[in-house]
Colleague: 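Please see the structure below; I have some questions.
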Amino acid sequence: MNELEKKKFTMYGNVLSLLAKYIDLSLGPVPFLMAKLRRTVEEIERLDRRAFLGNPDWAIENKARRDNLIADLACVSSALFNYSRHSGSTELKEGTKLNQSNLMHLPDDELLNKAEALRLLALRNIAELRRLGITVSLVHNLGLKIEYFRRSQDKRVSAPKAEFSARQMSDLFLIADQVLENTDKLVGSLAGEFEEFYGEYISTRDFENREGRKTITLPGLEEDEVHN
């Protein structure tokens with residue numbers, strides 16, 4: 001969900017809670033509309049969760065490759081940092097002041113860039129790093145792990161699938177909005193009879209006005225009546 005959809009999704013939940021609170025009122029077919037809105041909200045939540053999690057197999061593989069890469073990177077970075085202290089290279093020291101915790105907090109793209117930079121530094125200083133336990137074989141394996149992790153990034157949800165999910169999400173929000181438009185018509189007819197409920201409903205539905213947009217007006221009512 002984008003930011004606007006998240007706000008609308010919250011509003012849907014608040015409307016459902018409010019309608020449930022006043023379910024004993026003479027709300028006509030509102031319970032039927034509530035059931036439809038609740039089903040739609042559940043579908044939105046499921047689709048959003050599926051889009052967030054993506055492919056479970058990919059997520060497991062990606063995490064394993066990321067963890068393996070970070071383990072080797074931490075060793076190489078530590079060795080380069082120790083070498084920089086002995087060599088007096090300030091530039092090398094600043095570029096290798098990374099521990100495993102720092103690396104774990106890097107986004108995937110930044111981690112790949114940092115990994116390649118450290119690999120090149122290790123190759124450039126391999127003669128000195130051998131005394132610190134960093135071998136040519138280890139650096140070679142680091143290059144392979146970088147490539148494996150880069151390939152795993154290419155296995156994310158494909159663009160067509162992502163676009164399809166976005167269309168599905170948009171359709172669900174249209175359905176929820178249509179349900180609420182029908183609910184608005186029913187609630188508008190109760191303005192004089194159930195003022196407390198009507199006021200709470202207007203306030204709950206009026207999420208857009210908090211962003212400086214026009215206040216909603218229920219069918220058959222002038223805008224100034226909504227605020228009175």
Side-chain angles (χ1 to χ4, degrees), residues 1-10 13 43-170 172:
M1 286 185 277
N2 58 38
E3 289 305 311
L4 177 59
E5 287 173 340
K6 288 177 182 177
K7 291 176 182 177
K8 291 181 77 172
F9 182 79
T10 299
E43 283 300 314
I44 290 173
E45 192 170 23
R46 273 195 290 269
L47 182 60
D48 187 59
R49 190 183 304 117
R50 189 162 70 240
F52 177 77
L53 293 175
N55 185 330
D57 294 334
W58 173 86
I60 294 170
E61 176 188 274
N62 187 67
K63 185 178 186 307
R65 291 185 173 183
R66 181 183 169 92
D67 289 346
N68 286 335
L69 175 58
I70 287 175
D72 279 11
L73 275 181
C75 292
V76 170
S77 181
S78 177
L80 283 166
F81 180 73
N82 288 332
Y83 169 63
S84 71
R85 294 171 64 188
H86 294 299
S87 66
S89 172
T90 304
E91 182 179 355
L92 185 59
K93 184 178 180 180
E94 288 301 315
T96 58
K97 196 182 295 183
L98 290 165
N99 56 30
Q100 190 159 345
S101 178
N102 300 141
L103 293 167
M104 288 176 65
H105 285 86
L106 290 177
D108 290 345
D109 290 344
E110 288 185 33
L111 179 62
L112 280 168
N113 292 335
K114 179 59 68 176
E116 185 60 23
L118 288 172
R119 186 186 72 85
L120 293 175
L121 282 174
L123 283 176
R124 196 176 304 146
N125 298 281
I126 192 64
E128 291 80 6
L129 293 181
R130 281 175 179 161
R131 292 175 294 173
L132 298 172
I134 303 300
T135 64
V136 173
S137 177
L138 190 152
V139 177
H140 173 71
N141 287 336
L142 175 61
L144 291 177
K145 290 182 179 182
I146 291 172
E147 182 59 26
Y148 292 154
F149 185 56
R150 181 178 284 111
R151 289 179 185 176
S152 76
Q153 303 307 295
D154 297 333
K155 294 183 180 180
R156 292 179 186 271
V157 178
S158 64
K161 287 183 180 179
E163 290 172 5
F164 180 70
S165 294
R167 288 198 299 273
Q168 281 184 306
M169 184 69 79
S170 178
L172 287 169

Colleague: Going from CG on Leu118 to OG on Ser78, what distance comes out if it is rounded to the nearest 0.5 angstrom?
Modeller: 11.5 Å

Colleague: Decide if atom OH of Tyr148 counts as having more than 12 heavy atoms of other residues, nucleotides or ligands within a radius under 6.0 Å.
Modeller: no

Colleague: Can you name the closest pair of heavy atoms from Arg66 and Leu103 and give their distance?
Modeller: NH2-O, 3.7 Å

Colleague: Which atom pair, heavy atoms only, marks the closest approach of Thr96 to Phe81?
Modeller: OG1-CA, 3.3 Å

Colleague: Only counting residues at least two apart or in another chain, list the ones meeting side chain to side chain donor-acceptor pair (under 3.5 Å) with Asp67.
Modeller: Lys63

Colleague: Please test Val136 against Arg130 for side-chain contact (heavy atoms from CB on, under 4.5 Å), starting from the C-alpha separation and ending with a verdict.
Modeller: CA-CA 8 Å; Val136 173; Arg130 281 175 179 161; 3.5 Å; yes

Colleague: Would you compute the distance between atom CD of Gln168 and atom CD of Glu43 and round it to the nearest 0.5 angstrom?
Modeller: 9.0 Å

Colleague: Starting at CD1 of Ile70, measure out to NZ of Lys114 and round the result to the nearest 0.5 Å.
Modeller: 13.5 Å

Colleague: Quick one: CZ on Arg65 to CG on Asp108, what's the gap to the nearest 0.5 Å?
Modeller: 12.5 Å

Colleague: Apply side-chain contact (heavy atoms from CB on, under 4.5 Å) to Leu80 and Val76, showing your working.
Modeller: CA-CA 6 Å; Leu80 283 166; Val76 170; 3.8 Å; yes

Colleague: Return the minimal non-hydrogen interatomic distance between Met169 and Leu47, and the atom names on each side.
Modeller: N-CD2, 3.4 Å

Colleague: Indicate yes or no for a side-chain donor-acceptor contact from Ser77 to the backbone of Leu73 under 3.5 Å, with no hydrogens or angles considered.
Modeller: no

Colleague: With sequence neighbours excluded, what pairs up with Glu110 under the salt bridge (Lys or Arg N to Asp or Glu O under 4.0 Å) test?
Modeller: none

Colleague: To the nearest 0.5 angstrom, please state how far the CZ atom of Arg151 sits from the CD1 atom of Ile146.
Modeller: 13.0 Å

Colleague: Rounded to the nearest 0.5 Å, what separation is found between the OH atom of Tyr83 and the CG atom of Leu132?
Modeller: 9.5 Å

Colleague: Just to verify, what does Lys145 make a salt bridge (Lys or Arg N to Asp or Glu O under 4.0 Å) with, not counting sequence neighbours?
Modeller: Asp72

Colleague: Using only atom types and a distance under 3.5 Å, with no angle test, would you say the side chain of Asn125 pairs donor to acceptor with the backbone of Leu121?
Modeller: yes

Colleague: Any non-hydrogen side-chain atom of Leu144 less than 4.5 Å from a side-chain atom of Asn141?
Modeller: yes

Colleague: Over all heavy atoms of both residues, which pair between Gly133 and Leu138 is shortest? Give the atoms and the distance, please.
Modeller: O-CD1, 4.4 Å

Colleague: Might you work through the side-chain contact (heavy atoms from CB on, under 4.5 Å) test for Val139 and Leu129, ending with a clear yes or no?
Modeller: CA-CA 11 Å; Val139 177; Leu129 293 181; 6.0 Å; no

Colleague: Taking the basic N atoms (NZ, or NE/NH1/NH2) and the acidic carboxylate oxygens, is any pair closer than 4.0 Å for Arg119 and Glu116?
Modeller: yes

